[in-house]
Number of protein chains: 2
Amino acid sequence: MRQQYQEIGSHEDALPSLPEAVSVGGSSGIAAKLRRAIMDGAYGLNERLPAERELAEVFQTSRGTIREALRRLQELGMVDRQIGSGTFVTYRQFSEHTEIADVTSPLELIEVRLGIEPQIVRLAVANATAMDIERMRKALLKVEGASDDPESFSRADAEFHLAMAECTRNRLMVWLYQLVNETRSHGQWTAMKESILVPERIGQYNAHHRHLYNMIAKRDLDAALDTIYDHLDKARGDLVGAVRTRSN
Amino acid sequence: MRQQYQEIGSHEDALPSLPEAVSVGGSSGIAAKLRRAIMDGAYGLNERLPAERELAEVFQTSRGTIREALRRLQELGMVDRQIGSGTFVTYRQFSEHTEIADVTSPLELIEVRLGIEPQIVRLAVANATAMDIERMRKALLKVEGASDDPESFSRADAEFHLAMAECTRNRLMVWLYQLVNETRSHGQWTAMKESILVPERIGQYNAHHRHLYNMIAKRDLDAALDTIYDHLDKARGDLVGAVRTRSN
DNA sequence: ATAGTGTAAACCATATTTAGTCCAAAAAAT
DNA sequence: ATTTTTTGGACTAAATATGGTTTACACTAT
């Protein structure tokens, strides 16, 4: 007994992370292995997995066990199975923020904002507290004070719209809008900022901002909605104009 | 306190280390090792640990000791054990997405979808290719075929709406909608799914889906918009009803 | 002496695995 | 067009694996 005690001690020094060496068999272990293979991208979206009978040979187990493992993956929504055809991956791998930001065009961004921001306005008018309005007012002053150069204006503008998103009191909305904002700073937008954000347009955007703030503070939903649509439509128009000018 | 005073001059000096440091090989030491292995992600969520008899061999100890260690992990809420099946990890490692998903209420989710999905419909009507429509049709058939149980319906429903998002040809929109969908599977929604997704409502949702598909295929923007608003308004109504019922 | 811990072995109830067979749908070959 | 092959779906009965429980014994520290 005592000898075993000491053996355990020496064993421990040799293998500090012992449990990792233990692999789990059975359908659970196979499901985990396949799951990791899919998540690691070994099998891409819509690709076909090996047939059940084939997997049974590879994993040196019976077909029933493979079926059990695949059933779990199906429950997780990672694969779809079709008689006579095979088992196909339905799991979509998430790309990193930076990647999506790099391939997102400013026009795609505006299209998304045209969906999100009017809803933000609706929820803001309904849910904004006095504190939210105050935070928005400060953001407004800041963006108005940063109207000199395109870079700082763009940053302050994003902050103002984020303050508006926070008025919704909807955490998911704020989280989403933050992600959207990130694509603004990393994407192709940076290249066009200088040419689009001329003083005249900045002045117009600021007028929109101020009116937007006032209408939300007054809880005037229709006027606020009109303003945000004007704002984004104008931004889209300026963008399309810039693209046209560029390609000419 | 007793012997130590008496023998403090003899061999007591030979054991300066703490009792915990000495008993690293006992059940508590094994529990700590397994706990660490789980926290390090060697065994992921819902994965199975090696069987008790197997662990006993690996750790060169008896099954009783292993059981004692596992009992502690169970008390910590890190594992769940089932007769005839095994010991499964219940500890969830933190990830960026799960955090926001856990605090997002289903109502917040609907509010966000009410902003995004009508815009998806607009862009889908404008930009969907024949291939997109076909993909949407397949998703429609799938969701109609998965209307038996709430779990599979919910997943197929998410896929249908994602297929719709892909019709926009806007990568940022697709990416955003994927993130929104993720909160559906991890958040508080899972707890309410069963009570909300009764056959009658699933039938109504399916009618919406089919009409939505037809109107997008026909490029009838107004009808498609009406449908998506009906769809989400009804979903919100069902949700509010469930919450009210719950609190009564 | 006593309580606590570890080892060992046997048995129980349940769950899983296995090794088959047959079927239906899709795909491939003819 | 028809036949053949491949694929997943469904089911069965026996064998195996799993955690839960009990019992007996040895060692240690109090």
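Chain naming here is simple, since letters A, B, ... match the order of the sequence lines and numbering starts at 1 in each.
Rounded to whole Å, the distance from CG on L49(B) to P on dA17(D) is 19 Å. The CD-P distance, from E52(B) to dT21(D), rounds to 11 Å in whole Å. We find that CZ of R67(B) is positioned 10 Å from C1' of dT18(D), with the value rounded to whole Å. Put simply, CZ on R53(A) is 12 Å from C1' on dG20(C), counting in whole angstrom units. Look at CD on E68(B): it is 11 Å from C1' on dG4(C), rounded to the nearest Å. Here dG6(C) presents its C1' atom at 10 Å from CD1 of I30(B), a figure rounded to the nearest Å. Atom-to-atom, CG of L55(B) to P of dT18(D) comes out at 10 Å; the value is rounded to the nearest Å.
By the 4.5 Å heavy-atom criterion applied to side chains, T104(B) and V112(B) are not counted as neighbours.
Side chains of R184(B) and S154(B): a donor-acceptor N/O pair is absent below 3.5 angstrom, by distance only. No donor-acceptor contact under 3.5 angstrom links the side chains of R201(B) and Q204(B), judged on distance only. Residues D132(B) and T129(B) bring a donor and an acceptor atom of their side chains to less than 3.5 Å of each other.
Residues from residues 80-91 of chain B that place a heavy atom under 4.0 Å from any atom of DNA chain C, listed by number: I83(B), G84(B), S85(B). Using a 4.0 Å cutoff on non-hydrogen atoms, the parts of residues 56-66 of chain A near DNA chain C are T61(A), S62(A), G64(A), T65(A), ordered by number. Within residues 69-79 of chain A, no residue has any heavy atom under 4.0 Å from DNA chain D.
The overall bend of the helix from dA1(C)-dT30(D) to dT30(C)-dA1(D), read as the angle between its terminal helix axes built from five base pairs each, is 40° when rounded to 10 degrees.
Sorted by first and then second residue, the side-chain hydrogen bond (donor to acceptor under 3.5 Å, both in side chains) pairs involving residues 36-52 of chain A (not counting sequence neighbours) are R36(A)-E47(B), E52(A)-R63(A), E52(A)-R67(A), E52(A)-R81(A).
For E144(B), the side chain to side chain contact (heavy atoms under 4.5 Å, CB included) partners are L140(B), L141(B), N206(B), R210(B), not counting sequence neighbours. For R71(B), the salt bridge (Lys or Arg N to Asp or Glu O under 4.0 Å) partners two or more places apart in sequence, or in a different chain, are E68(B), E75(B). Shown here are the side chain to side chain contact (heavy atoms under 4.5 Å, CB included) partners of Q82(A), two or more places apart in sequence or in another chain: D80(A), S85(A), F88(A). For L107(B), the side chain to side chain contact (heavy atoms under 4.5 Å, CB included) test picks out S105(B), R236(B), L239(B), V240(B), with sequence neighbours left out. In this structure, the salt bridge (Lys or Arg N to Asp or Glu O under 4.0 Å) partners of K193(B), at least two apart in sequence or on a different chain, are E151(B). The ring-ring contact (aromatic ring centres under 6.0 Å, His included) test applied to Y177(A) returns no partner, not counting sequence neighbours. By the ring-ring contact (aromatic ring centres under 6.0 Å, His included) test, H209(B) pairs with F160(B), H161(B), H231(B), sequence neighbours left out.
Salt-bridge formation is detected for the pair E166(B)/R92(A): a Lys NZ or Arg NE/NH1/NH2 atom is positioned less than 4.0 Å from an Asp or Glu carboxylate oxygen.
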